[in-house]
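Have a look at the structure below before the remarks.
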Amino acid sequence: MMPRHHSNAHQLRRMLLVLILSIGALANADECAPHRYQIGEPPTDAPAANSFLLQIHPPDTLPSYMLGTYHSADPRLVDAWARATLLMSTAGMRTFVSERDLAASVQADTQRLPENKRLSSYLADQGDLFDRVAESILPLGIDVAELNRLQPWFAALLVNQAPAMRESRHQAILDQVLQGTADAIGLEIRFLERFADIARLHERAFSADDQISLLWEALCNQTEIGALVERQTGAYAANDVAEFQTLGMELIGPDPALAETLDRVFVRERNERFWPMIWTAIQSGGAFIAIGNGHVFGPGGILDKLASQHPEVAIREIDPASLQLTLAAPPALAEWVVDWLQS
């Protein structure tokens with residue numbers, strides 16, 4: 001059994017960290033407001049594991065596997081972690097558990113404004129903000145008409161992602177690779193929430209003014225955010241949990257009250273909803289669980305709940321580089337993964 005360790009209680013997780021960094025004083029429509037990074041306190045203890053990939057083995061049942069994912073299409077990251085899909089072919093594996101159906105999220109209506117609303121009208125009193133946002137997300141291949149239909153909070157998320165996705169916008173993110181592999185080999189796929197649930201959380205956490213501020217600050221800090229996310233991507237690709245979490249602290253934004261609200265709404269409350277479904281899958285055995293790494297580590301995370309409620313469960317860290325292509329993979333998995341790893 002691994003020792004119980006916690007990261008700092010206020011550490012926010014990757015996607016939320018990017019959003020939180022974007023919130024600050026409302027920027028002037030003519031120029032970007034000055035922005036100061038608030039470096040979060042470093043974790044008081046070591047991370048709860050030294051690998052993002054874990055074997056979770058309750059007594060008297062088949063082991064399951066959990067991967068704390070990073071929602072990115074960066075080729076370095078996906079190439080490093082595609083090997084984890086080999087575990088889906090081990091004897092007794094039958095279930096794939098994911099946060100939500102990412103295959104359906106791209107066209108989700110929940111990311112869009114109502115039919116009679118347009119983002120450019122929503123931002124009419126914000127000077128050239130709409131035009132600057134449109135220019136900033138050109139690397140994603142999103143045209144003006146498509147941007148005009150998006151909710152402000154989602155447009156801000158795209159602005160933050162654009163620098164990191166210049167070279168990978170046509171590729172699947174890691175979570176989609178995992179889900180696609182599970183589907184290809186016939187595992188039962190279970191989702192912990194719907195994409196609409198995430199949209200409602202954004203609406204609950206951000207007022208209309210907050211969403212406009214979110215867009216301004218995302219735009220003004222796009223380069224800095226991109227540099228920090230680039231460093232986090234490298235740490236994740238190298239399976240360096242400690243470095244990844246330390247960099248995550250650098251992304252905490254300047255509003256402690258907002259940080260606390262977002263940590264509660266997006267992380268802790270979701271962990272409480274996720275936990276019964278995840279524990280059911282672990283009890284049944286033979287599950288591959290892929291959820292955002294922020295839900296795995298830290299106080300109230302899945303590892304914390306396992307250690308406090310089920311100390312009998314054995315948890316083993318797995319180095320993805322140690323996984324070999326000699327596993328007895330079904331043809332669909334062999335074609336999907338072997339071609340990826342050998343290309």
Evaluate Phe52 against Met66 for side chain to side chain contact (heavy atoms under 4.5 Å, CB included), listing each step before the verdict. CA-CA 8 Å; Phe52 293 106; Met66 179 179 296; over 6 Å; no
So Thr85 and Leu178, side chain to side chain contact (heavy atoms under 4.5 Å, CB included) or not? Walk me through it. CA-CA 6 Å; Thr85 59; Leu178 299 171; 3.5 Å; yes
Apply side chain to side chain contact (heavy atoms under 4.5 Å, CB included) to Phe130 and Leu215, showing your working. CA-CA 9 Å; Phe130 180 83; Leu215 263 175; over 6 Å; no
Pair Glu230, Arg76 - check salt bridge (Lys or Arg N to Asp or Glu O under 4.0 Å), show working. CA-CA 11 Å; Glu230 169 71 14; Arg76 297 166 299 166; 3.1 Å; yes
With side chain to side chain contact (heavy atoms under 4.5 Å, CB included) as the criterion, how do Leu119 and Arg149 come out once you've worked through the C-alpha distance, each side chain's angles and the decisive distance to 0.1 Å? CA-CA 6 Å; Leu119 184 59; Arg149 294 297 318 283; over 6 Å; no
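With a 4.5 Å cut-off on side-chain heavy atoms, Ile56 and Tyr65 do not count as touching. In this structure, Leu54 and Glu317 have side chains that are in contact, with non-hydrogen atoms separated by less than 4.5 Å. Counting only heavy atoms from C-beta outward, the side chains of Lys305 and His310 never approach each other to under 4.5 Å. In this structure, the side chains of Val133 and Trp216 stay at 4.5 Å or more apart for every pair of heavy atoms. With a 4.5 Å cut-off on side-chain heavy atoms, Trp81 and Tyr70 do not count as touching. Counting only heavy atoms from C-beta outward, the side chains of Pro320 and Asn239 approach each other to under 4.5 Å. Within the 4.5 Å cutoff, side-chain heavy atoms of Leu113 are placed close to those of Pro152. Looking at His71 and Glu99, their side chains come closer than 4.5 Å, going by heavy atoms from C-beta outward.
Pairing each heavy atom of Met93 with each of Leu187, the nearest pair is O-CD2, 3.5 Å. Contact between Ile189 and Gln179 at its shortest, heavy atoms only, is CD1-O, 4.1 Å. Minimum interatomic distance between Leu53 and Ala84 (heavy atoms only, all atoms of both residues): CD2-CB, 4.2 Å.
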Just distance, no hydrogens or angles: give the donor-acceptor pairs under 3.5 Å from side chains in residues 280-289, sequence neighbours left out.
from   : atom 1 : to     : atom 2 : distance (Å)
Thr280 : OG1    : Pro276 : O      : 2.9
Gln283 : OE1    : Trp279 : NE1    : 3.3
Ser284 : OG     : Thr280 : O      : 3.0

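A salt bridge is absent between Arg100 and Asp197: the closest approach of a Lys/Arg side-chain nitrogen to an acidic carboxylate oxygen does not fall below 4.0 angstrom. Glu188 has a carboxylate O that lies under 4.0 Å from a charged side-chain N of Arg190, or vice versa, which qualifies the two as a salt bridge. Taking a cutoff of 4.0 Å between a charged side-chain nitrogen and a carboxylate oxygen, Arg200 and Glu193 do not qualify as a salt bridge.
The backbone N or O of Asp131 sits nowhere less than 3.5 Å from a side-chain atom of Asp128 that would complete a donor-acceptor pair. Within the 3.5 Å criterion, the main-chain N or O of Glu115 finds a donor-acceptor partner in the side chain of Arg118. The backbone N or O of Ile318 lies less than 3.5 Å from a partner atom in the side chain of Ser51, making a donor-acceptor pair. Judged by distance alone, with hydrogens and angles left aside, the side-chain atoms of Asp304 form no donor-acceptor pair with the main-chain N or O of Pro299 at under 3.5 Å.
Distance check, rounded to the nearest 0.5 Å: CD of Gln55 to CD1 of Ile315 gives 10.5 Å. The CG atom of Leu67 sits 6.0 Å away from the CG atom of Leu174 when rounded to the nearest 0.5 Å. A distance of 9.5 Å separates CD1 in Ile142 from OG in Ser136, rounded to the nearest 0.5 Å. Atom CD of Gln232 sits about 9.5 Å away from atom CD of Gln245, to the nearest 0.5 Å. We find the CG-CD distance between Leu247 and Glu243 to be 4.0 Å, quoted to the nearest 0.5 Å. Put simply, CZ on Arg132 and CG on Leu219 are 5.0 Å apart, with the number rounded to the nearest 0.5 Å.
Scored by the ring pair (Phe, Tyr, Trp, His ring centres under 6.0 Å) test, Phe274 finds His295 as partners (sequence neighbours excluded).
Defined by atom type and a distance below 3.5 Å, a donor-acceptor pair is missing between the side-chain atoms of Asp74 and Thr233.
Applying the side chain to side chain contact (heavy atoms under 4.5 Å, CB included) test between Ile291 and each of Asn271, Val296, Thr69 identifies Val296 as the sole match.
By the criterion of side-chain heavy atoms lying less than 4.5 angstrom apart, applied directly or through intervening Ile, Leu, Val, Met, Phe, Trp or Tyr residues, Leu62 is not grouped with Leu323; the two fall into different hydrophobic clusters.
Summarising the local packing, CG of Asp60 is surrounded by 12 or fewer heavy atoms from other residues, nucleotides or ligands at distances under 6.0 Å.
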